[in-house]
Q: 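Please read through the structure below; I'll follow up with questions.
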Amino acid sequence: MTTDQRDFFGLPLDLRRQDQLANDICKRIEGGGCFHHLSLNAVKLVLARRNPKLRDALCAVDCVSADGMGVVWTARLMGVAVSERVTGIDLMDCLLTRFSQTRHSVFLLGARDDVIDRLKDRLVVDYPGLVIAGAHHGYDPDDARLADSVRASGADAVFVALPSPRKDVFVRDYGQQTGCRFVMAVGGAFDVMVGDIARAPKIWQRCGMEFAWRILAAPRVMAPRYARGLWAFAGLAVPEILRWQSRRFMRVVGMLLVLVMVFSMMPGRVDAQNQMVVSAVDRDMADQRAKALMGFLAEDLRDPAKTDGQSTIDALVARLVGFSADATGRETAPEDRVIAVDDFRLLFLVLDRLLSLAQLVAPGGTGSFLLELVVMKAALRLVELHPDPAQAGRLLQSFAPGMSRQLRARGLFDAGGRIDPDVSGNNAQADLQTTSGNPSVPRDLYVRFARNFAQNPASLDAPQEAPVWGPKVDVDLDFEFEQPSVSPR
């Protein structure tokens, strides 16, 4: 027979439901041997801590069920998953129903003679087909003689209604001597079944207040008993509950701290919008590089002699990837430089911060448009320099979400992050077309922009007097900025 037991204050507490336990007991009776069953409530647990014989009996039997809600609640608060309360009288009723069908005979041991006589008449009516092999009152002090009487009846099961702890010790010490295959202690169940003692209503039982009903029914006898027993049980259970719950709380806190540490050490994580969450170190580095590059663009675009926007884009990409000179002193072009694949993540992040900074220092007009144009062209050049442009497009979408939205709005990026100049965009697509794979800034726009700067050179040194179409390039760049929302242009 399968068992499911957990340690509860040193006692093996059974966790099976009532129906499952009754079925297992019937199988055990069919298989032979002797099965011993006892019940445990709060008062008996306290008594077992003081009475070695009772404690040994509870530890030695085959099954100890939770008879009181105090035991059930305490066990659950200590991590013992007790499924339900299994009282002695309810389990007896469940077994008698099965015994009446399987024709297993029973012996009734305990209570007074008049209670035994009325109980036999009641059981014959309530459980048709039940075989009662014999009965005996519980006022004989010789337990060995009582066990011999049970053996002489030839009963398959015996229900022991003796006082506690006598009944518990009898089940352990004389269970085998009775010759029965099932021995169970039921306490005052006989008096309840014949109606001498009224049991608590169902609602009281479900709420775990049956003990209160017993106190109200016999206050002089039960009130002192429960007051002493429940107070001692609380003193025993509360410290264990607090100790177990504190250990559980610390385990949960430890797990949360480990998770926080793991997530904080991850360089990038995907958020709810499928964008990468960048670490603080990378964000600060990108901010510093974006500010330096913004200063370079301001100096480069203020030169009215330059009328080719492509040179500005090439210079921006070269500064971004950090090109170097070879042995002959010639500078290596960005497309000839080997860039580590992992570096593209930071490069796209820098460009996205640069685009945000451009929108801040030149919030409108021709200057803002040209700055955004140069930065986005540089991003497209980086995508072309990547060994896998499709992967580069995905990186651009993850680490430069604002720029990728602008590129998609202008028709240069499709939904999958690929460069597609044939995708239809808005009116700005004509200004961002690629020619033979080499993107360039429209010449007339750059010339017009350069002439405006040539006519208003003071706008670079006095941003408060700058016209609305010029970029405010001489602003304080020593500030921290968060990722701004992308302009809807």
Side-chain angles (χ1 to χ4, degrees), residues 18 21-22 25-26 28-30 33-41 44 57 61-65 67 86-199 214:
Q18 178 177 287
L21 179 58
I25 290 173
C26 292
R28 180 66 177 268
I29 293 176
E30 294 292 343
C34 184
F35 185 83
H36 305 77
H37 180 274
L38 293 177
S39 298
L40 181 67
N41 55 33
K44 185 183 291 187
V61 297
D62 299 285
C63 178
V64 178
S65 298
D67 194 340
V86 180
T87 65
I89 187 172
D90 290 334
L91 181 59
M92 179 181 175
D93 174 71
C94 189
L95 289 171
L96 289 176
T97 302
R98 287 166 169 76
F99 291 165
S100 65
Q101 299 171 356
T102 60
R103 307 297 293 178
H104 288 131
S105 59
V106 300
F107 191 96
L108 307 175
L109 177 61
R112 302 188 308 270
D113 284 332
D114 62 308
V115 174
I116 290 291
D117 293 337
R118 285 184 289 148
L119 180 61
K120 289 191 293 185
D121 297 336
R122 182 67 178 270
L123 295 182
V124 172
V125 175
D126 292 344
Y127 307 96
L130 179 65
V131 178
I132 301 178
H136 196 286
H137 63 80
Y139 290 90
D140 190 339
D142 192 344
D143 290 342
R145 187 162 51 242
L146 292 177
D148 292 337
S149 300
V150 177
R151 174 182 287 275
S153 69
D156 297 316
V158 56
F159 295 100
V160 183
L162 298 174
S164 184
R166 182 186 174 189
K167 66 178 185 297
D168 306 281
V169 177
F170 180 90
V171 169
R172 184 200 65 173
D173 294 343
Y174 296 96
Q176 293 286 349
Q177 188 175 336
T178 61
C180 297
R181 285 172 284 177
F182 176 69
V183 184
M184 177 181 177
V186 294
F190 292 177
D191 296 306
V192 176
M193 296 183 78
V194 299
D196 288 353
I197 297 178
R199 195 179 181 189
R214 293 177 182 174

Q: Compare every heavy atom of C180 with every heavy atom of C34, then report the nearest pair and how far apart it is.
A: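 Minimum heavy-atom separation between C34 and C180: SG-O, 3.2 Å.
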
Q: If you take all heavy atoms of A189 and M92, which pair is closest and at what distance?
A: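 For A189 and M92, the tightest heavy-atom pair comes out as CB-SD, 4.3 Å.
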
Q: Using the side-chain contact (heavy atoms from CB on, under 4.5 Å) rule, take R214 and I197 through it: C-alpha gap first, then chi angles, then the decisive distance, then the call.
A: CA-CA 9 Å; R214 293 177 182 174; I197 297 178; over 6 Å; no

Q: Please step through side-chain contact (heavy atoms from CB on, under 4.5 Å) for the pair M193 and L123, ending with a clear verdict.
A: CA-CA 9 Å; M193 296 183 78; L123 295 182; 3.8 Å; yes

Q: Is there any ring pair (Phe, Tyr, Trp, His ring centres under 6.0 Å) pair reaching into residues 88-112, and which pairs are they, with sequence neighbours excluded?
A: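 Applying ring pair (Phe, Tyr, Trp, His ring centres under 6.0 Å) to every pair that reaches into residues 88-112, excluding sequence neighbours, yields F99-H104.
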
Q: Under the rule for side chain to side chain contact (heavy atoms under 4.5 Å, CB included), what residues qualify as partners of S105, not counting sequence neighbours?
A: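 Per chain and number, S105 pairs via side chain to side chain contact (heavy atoms under 4.5 Å, CB included) with V131, A133, A155, D156.
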
Q: Taking only residues two or more places apart in sequence or in another chain, which ones pass side chain to side chain contact (heavy atoms under 4.5 Å, CB included) with S65?
A: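 In terms of side chain to side chain contact (heavy atoms under 4.5 Å, CB included), with neighbours along the sequence ignored, S65 is linked to L21, H37, C63, V86.
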
Q: Quick check for you: to the nearest 0.5 Å, what is the distance between Y127 atom OH and Q101 atom CD?
A: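 Here the interatomic distance stands at 12.0 Å.
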
Q: What distance do L108 atom CG and S153 atom OG have between them, rounded to the nearest 0.5 Å?
A: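 Going from CG on L108 over to OG on S153, the span is 10.0 Å.
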
Q: Give, for atom OG1 of T102 and atom CD1 of I29, the distance between the pair rounded to the nearest 0.5 Å.
A: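 Answer for the OG1-CD1 pair, T102 versus I29, is 7.0 Å.
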
Q: Tell me the closest heavy-atom pair linking I25 and F35, and the distance in Å.
A: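 Scanning both residues, the minimum pair turns out to be CG1-CE2, 3.7 Å.
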
Q: With sequence neighbours left out, write down each residue that passes side chain to side chain donor-acceptor pair (under 3.5 Å) with Q18, or none if nothing qualifies.
A: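 Side chain to side chain donor-acceptor pair (under 3.5 Å) list for Q18, sorted by chain: empty.
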
Q: Nearest heavy-atom pair of G88 and M184: which atoms, and what distance?
A: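 For G88 versus M184, the nearest heavy atoms are O-CE, 3.3 Å.
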
Q: Among residues at least two apart in sequence or on other chains, which ones pass salt bridge (Lys or Arg N to Asp or Glu O under 4.0 Å) with K167?
A: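 None.
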
Q: Can you name the residues that form a side chain to side chain contact (heavy atoms under 4.5 Å, CB included) with A22, not counting sequence neighbours?
A: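 With sequence neighbours excluded, A22 shows a side chain to side chain contact (heavy atoms under 4.5 Å, CB included) to L91, C94, L95, R98, given in chain and number order.
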
Q: For the pair I132 and V106, evaluate side-chain contact (heavy atoms from CB on, under 4.5 Å) and give the outcome as yes or no after the intermediate values.
A: CA-CA 5 Å; I132 301 178; V106 300; 4.3 Å; yes

Q: Can you list everything that forms a side chain to side chain donor-acceptor pair (under 3.5 Å) with R151? Sequence neighbours excluded, please.
A: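 Here no residue qualifies.
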
Q: Donor-acceptor pairs under 3.5 Å, side chain of residues 169-176 to any protein atom, not counting sequence neighbours: which ones?
A:
none

Q: Identify the heavy atoms of L162 and G110 that sit nearest to each other, and give their distance.
A: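 Minimum heavy-atom contact is CD2-CA, 4.1 Å.
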
Q: side-chain contact (heavy atoms from CB on, under 4.5 Å) between R28 and D62: does it pass, once the steps are laid out?
A: CA-CA 11 Å; R28 180 66 177 268; D62 299 285; 4.3 Å; yes

Q: Just verifying a value: how many Å separate S39 OG and I89 CD1, rounded to the nearest 0.5 Å?
A: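 It comes to 11.0 Å.
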
Q: Would you compute the distance between atom OG1 of T87 and atom CG of N41 and round it to the nearest 0.5 angstrom?
A: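 It comes to 11.0 Å.
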
Q: With sequence neighbours left out, what residues match D117 under side chain to side chain donor-acceptor pair (under 3.5 Å)?
A: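 If we apply the side chain to side chain donor-acceptor pair (under 3.5 Å) test to D117, skipping adjacent residues, there are no hits.
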
Q: As an exercise, state the distance from CD1 of I116 to NE2 of H137, rounded to the nearest 0.5 Å.
A: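 If we round to the nearest 0.5 Å, I116:CD1 and H137:NE2 are 9.5 Å apart.
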
Q: Which residues pass the salt bridge (Lys or Arg N to Asp or Glu O under 4.0 Å) test with D140, sequence neighbours left out?
A: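 With sequence neighbours excluded, D140 shows a salt bridge (Lys or Arg N to Asp or Glu O under 4.0 Å) to R145, given in chain and number order.
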
Q: Is the shortest side-chain N to carboxylate O distance from K44 to D168 below 4.0 Å?
A: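 Salt bridge flag = yes for D168 with K44.
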
Q: Taking side chain to side chain contact (heavy atoms under 4.5 Å, CB included) as the test, write out the residues that go with D121, two or more places apart.
A: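 If we apply the side chain to side chain contact (heavy atoms under 4.5 Å, CB included) test to D121, skipping adjacent residues, there are no hits.
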
Q: Only pairs at least two apart or in different chains count here, so list each side-chain hydrogen bond (donor to acceptor under 3.5 Å, both in side chains) that has a residue in residues 183-197.
A: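 The answer is R118-D196.
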
